[in-house]
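This report concerns only the one structure given below.
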Amino acid sequence: MSSNRLSPAARAAADALRVRVSDLHQELVRYGLVVWTAGNVSGRVPGHDLFVIKPSGVDYDRLSPESMIVCDLEGRAVDGDLAPSSDTAAHAYVYRHMPEVGGVVHTHSTYACAWAARGEPVPCVLTAMADEFGAEIPVGPFALIGDDSIGRGIVATLAGHRSPAVLMQNHGVFTIGADPRAAVKAAVMCEDVARSVHISRQLGAPLPIDPAAVDRLYDRYRHVYGQPGPSEGQGA
């Protein structure tokens with residue numbers, strides 16, 4: 001599948017991103033968000049209508065920058081020796097319709113999937129949720145893998161929504177970010193709050209946070225929290 005269809009500039013940008021995307025897959029393993037070969041990270045190639053994504057069905061400990069696949073925004077592989085992820089069409093649809101998105105992540109993390117299996121959004125009942133998501137984590141429609149149906153559901157659900165995460169019904173988590181690292185962080189945070197809120201509900205009814213307080217927390221996290229200057233994928 002490898003080809004010379006990329007210009008020298010596109011190839012240089014894609015190869016640099018291959019390293020970052022390959023490394024970020026290990027963060028999914030580190031935080032227990034994936035098992036076996038499930039899940040994927042992708043990143044938009046800066047300045048080009050391309051993205052980099054994991055190959056399909058390859059063990060995480062066998063992933064390398066060289067195994068990452070470069071695709072165009074229609075989801076067609078244009079550089080790489082392996083078949084791209086089975087979720088490639090969904091990622092491509094997001095990149096085509098959400099130009100502000102620079103990274104997409106998909107996981108089957110346990111607690112978030114439990115909410116997705118019920119088709120129930122995770123309510124915004126923790127300040128950490130207000131910080132990161134600015135609202136509940138919404139549920140997207142049921143859709144089958146194989147075409148861009150999942151991507152359509154992601155875009156329809158997250159368009160105009162503060163949350164960078166969506167629970168696709170009966171499926172799992174998709175997150176978006178300004179870059180791949182931000183999307184990975186959203187996936188980590190999604191599982192963390194899904195677990196906490198699930199445990200809270202075993203003890204009783206979680207207390208809602210006033211919407212005005214959610215707004216203030218969300219704004220503060222973006223404009224006051226952390227160190228001055230640019231940061232990649234805001235950390236805690």
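One is the number of the first residue; the rest follow in order along the sequence.
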Testing the basics here: between [X] and [Y], what is the closest heavy-atom pair and its distance to 0.1 Å?
{"X": "Leu6", "Y": "Val70", "answer": "CD1-CG1, 4.3 Å"}
{"X": "Leu50", "Y": "Ala10", "answer": "CD1-CB, 4.1 Å"}
{"X": "Cys190", "Y": "Leu167", "answer": "SG-CD2, 4.0 Å"}

Test item: side-chain donor near acceptor, Ser85 and Asn40, under 3.5 Å: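 There is such a pair (donor and acceptor under 3.5 Å, judged by atom type) between the side chains of Ser85 and Asn40.
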Side chain to side chain donor-acceptor pair (under 3.5 Å) involving Arg62 - partner list, sequence neighbours excluded: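 Side chain to side chain donor-acceptor pair (under 3.5 Å) list for Arg62, sorted by chain: empty.
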With His48 via ring-ring contact (aromatic ring centres under 6.0 Å, His included) - residues at least two apart: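 Scan of His48 (ring-ring contact (aromatic ring centres under 6.0 Å, His included), adjacent residues dropped) gives none.
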For His106, all residues meeting ring-ring contact (aromatic ring centres under 6.0 Å, His included), sequence neighbours excluded: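 With neighbours one apart ignored, the set is His108, His171, Phe174.
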SB check [X] [Y] (cutoff 4.0 Å):
{"X": "Arg222", "Y": "Glu132", "result": "no"}
{"X": "Asp215", "Y": "Arg162", "result": "yes"}
{"X": "Arg5", "Y": "Asp79", "result": "no"}
{"X": "Arg18", "Y": "Asp15", "result": "yes"}

Test salt bridge (charged side-chain N to carboxylate O under 4.0 Å, His left out) applied to Arg216 - qualifying residues, sequence neighbours left out: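 Here no residue qualifies.
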Residues which pass side-chain contact (heavy atoms from CB on, under 4.5 Å) with Arg152, listed by chain and number, not counting sequence neighbours: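 For Arg152 the side-chain contact (heavy atoms from CB on, under 4.5 Å) partners, ignoring immediate neighbours, are Tyr93, Asp148.
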Which donor-acceptor pairs under 3.5 Å do side chains of residues 202-213 form with protein atoms, sequence neighbours excluded?
{"residue": "Gln202", "atom": "NE2", "partner": "His198", "partner atom": "O", "Å": "2.8"}
{"residue": "Asp210", "atom": "OD2", "partner": "Ala212", "partner atom": "N", "Å": "2.9"}

